[in-house]
Amino acid sequence: MATSLSSVIHISFVDTKTTRTRFSILKSHRKFFTISSKSTSNVPISETTPPNNNIKNSSLSDQLAPLANTTLPTLPENLPKVLSKPKPTWANPTKAKRHLLSQQRHKRSSVLYNPQMKEFQRFAQKLNNCDDSSEAEFMACLEEIPSSLTRENALLVLNSLKPWQKTHMFLNWIKNQDLLPMETMFYNVTMKSLRFGRQFGVIEELAHQMIDNGVELDNVTYSTIITCANKCNLFDKAEHWFERMYKTGLMPDEVTFSAILGVYARLGKVEVVISLFERGRATGWKPDLITCSVLGKMFGEAGDFYGIRYVLQEMKSLGLQPNLVVYNTLIEATGKAGKPGFARSLFEEMIDSGIAPNEKTLTAVIKIYGKARWSKDALEVWQRMKENGWPMDFILYNTLLNMCADVGLVEEAETLFRDMKQSEQCKPDSWSYTAMLNIYGSEGNVDKSIKLFEEMCKFGIELNVMGCTCLIQCLGKAMEIDALVRVFDIYVERGVKPDDKLCGCLLSVVSLSQGSKDQEKVLACLQRANPKLVAFIQLIVDEQTSFETVKEEFRGIMSNAVVEVRTPFCNCLIDICRNKDLLGRAHELLYLGSLYGFYPSLHHKSQYEWCLDVRRLSVGAALTALEEWMATLTKIVRREEALPDLFLAQTGTGAHKFAHGLNISFASHLRKLDAPFRQSEDKVGSFIATKDDLVSWVQSNSPASIAT
DNA sequence: AATAAGCACT
């Protein structure tokens, strides 16, 4: 019975009886499925998706697109209770069901006893030892092949050859010699070697050769092709061969099916994966650990914690106990989904179940604790690593260093760094040095930063833009401008290309070095990194420049910069203008920044309280925002419009390691404006005024005293 | 003869 692709998909859309019950596991998907089942009667799939009237001729991805376009919604907290009891009430034994995948795994043919095995093993060894780059030498070696090549021995040799070029050449040789009929297995073994070498082009060539010569493509062939395409990020190719398999009437077995799920998972098509997974489950398929791992990773990438819990529940109901790899994947995924507490309990559960963590487990856990700023937990794991002799490797060392940077453990980082230098296997590399530069930069330790940099140059450690940014930040804050320029020059000479973050860092040093000769030196560095930005600075500090021009150029500068630096850029530019007493320009820039949405949470209002939140602003931008606010409030008071009882300005506590004393500058500016705000007694970094305070302040002030 | 896991700059 040949099952065409379209009929498979058609079943998926109409045969809701088989799928509905399992879909009730995920409420939203049941809802989706009920709706999409109507698509066969030309009812739109959803408001946003046009009806697909052409199911027969569209590609698989087109047909599944409506699934892919919906993101997995947040699910209710009580979900696990529902998940833990999937009652299989869908079964309808009277009706033959068409399947999405074959329940039987492709069978391996048995290995025959082979008296010449040893001889051919030696031969393969000889072929492996000959020069990789010389085809002629390889062909010469082939002359010495022991006589009477059997299919078993051909497979043995194909299986042992590496790199892929040799496997490929040997396959071609067998074909050209015409000694043996070409079998599917010869191609499959060769493809495995080619996949290791990421040679998708050659694999595809062989697949076409098989088709042309009438050699059957089986599940092993397809799964190898698909996983290779996946590895090479050729997702359309993976889909193409998957579709071809269905079209030729071959059902994927569980390995191929798993490989297909892996492709959609890597594409982030969560809905497609869930749909295929559920449909497979509904027809009796039992997913294995590998499939669970694929799903877990996908949900992690999607930041979907409920999805991860869903995978865990599925495993539980299938009686699958996670192994080391699955635990590692799920721990990492949980971290990515922003649930460090859950990651920690998975980690402990894993150890309690008797599985010892490896380097990858510990890397994931340490990274999660560092990002969560859980220094206590991170240090505890580190302690256990030492006590239990848990494995350490190079990546784990660097992850530990990054964790130290995240939670501010300077001495511990120094100890680790020394350990690395003394070790044989894990000598510090550019990542390790960058982590240390980050640590010293954060605490403003100029001497140690410079010493580290000199060491990097001496040992020939690769310089990267992140290390440069850390150094520039550190030296800029300390106003060591000559050293800053020297460091910048060396990085540029060594071919490091400044990125937007480095430019932002230089820009902030420009604003800090206002009024000194040093500013020119920093501007010269910035000129090399981003000449347009320097031109823009010159434009805005010229009072003659019109607002229209500033507006136009501002747009250009900001759209060329990556999203993360746009707000800091705008902050620095405002600072530069304020430092030059160009208050009008500072207000224009703040206005433009607000217009482009760089300051989304600056104002919030309730019936009782209006709040100005300047916590993400630089000092200059915060003061500009304060002036703007006072001017607006003044207008409102004068017009006698409705006002709330309380006004609140928030600067934050300045407790963060990169805090710039915003609350202090803000308080002093309030005094300068003689504004009616008082520092809150129970909340540091909050400034409060009542409606009465404000009204009397406006009445006692002349309009001219407020900058607009 | 085929399927799953780790390194970065508030």
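Lettering of chains follows the sequences in order, A, B, ..., and the numbering in each one begins at 1. Computed from heavy atoms alone, side chains included, the values below leave out hydrogens, waters and symmetry copies.
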Mark yes or no for a side-chain to base donor-acceptor pair under 3.5 Å between [X] and [N], with no hydrogen or angle criteria applied.
| X | N | value |
| --- | --- | --- |
| A/N358 | B/dA5 | yes |
| A/S223 | B/dA2 | yes |
| A/N323 | B/dA4 | yes |

For [X] and [N], what is the distance between atoms [atom1] and [atom2] respectively, to the nearest whole Å?
| X | N | atom1 | atom2 | result |
| --- | --- | --- | --- | --- |
| A/L400 | B/dA8 | CG | P | 13 Å |
| A/M403 | B/dC7 | CE | P | 16 Å |
| A/K360 | B/dG6 | NZ | P | 7 Å |
| A/L362 | B/dA5 | CG | C1' | 13 Å |
| A/I395 | B/dA8 | CD1 | C1' | 13 Å |
| A/L250 | B/dA2 | CG | P | 17 Å |
| A/M191 | B/dA1 | CE | C1' | 11 Å |
| A/I260 | B/dA2 | CD1 | P | 17 Å |

If I compare all heavy atoms of [X] with all of [Y], which pair ends up nearest, and what's the gap?
| X | Y | result |
| --- | --- | --- |
| A/I461 | A/R494 | O-NH1, 4.2 Å |
| A/D500 | A/V562 | OD2-N, 2.8 Å |
| A/S193 | A/W164 | OG-CA, 3.3 Å |

What contact category does [X] fall into here, base, sugar-phosphate, or nothing, at under 4.0 angstrom with non-hydrogen atoms?
| X | answer |
| --- | --- |
| A/K371 | sugar-phosphate |
| A/N159 | sugar-phosphate |
| A/T434 | base |
| A/K501 | base |
| A/E332 | sugar-phosphate |
| A/V325 | base |

Residues pairing under salt bridge (Lys or Arg N to Asp or Glu O under 4.0 Å) where one sits in residues 290-302 of chain A, two or more places apart or in two chains, turn out to be A/E301-A/K336
Choosing from [options], which nucleotide comes nearest the side chain of [X]?
| X | options | answer |
| --- | --- | --- |
| A/K367 | B/dC9, B/dC7, B/dA1 | B/dC7 |
| A/R373 | B/dT3, B/dT10, B/dA5 | B/dT10 |
| A/K297 | B/dA8, B/dA5, B/dA2 | B/dA5 |
| A/N328 | B/dA2, B/dA5, B/dC9 | B/dA5 |
| A/N188 | B/dT3, B/dG6, B/dA1 | B/dA1 |

Verify whether the ring centers belonging to A/F394 and A/W431 lie closer than 6.0 Å.
->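 Not under 6.0 Å, so no.
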Count the heavy atoms of every other residue, nucleotide or ligand shown that sit under 6.0 Å from NZ of A/K316, and state whether that count exceeds 12.
->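 Counting neighbours around NZ of A/K316, 12 or fewer heavy atoms of other residues, nucleotides or ligands fall under 6.0 Å, so no.
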Does A/K192 have a side-chain nitrogen or oxygen under 4.0 Å from the phosphate oxygens OP1 or OP2 of B/dA1?
->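 No.
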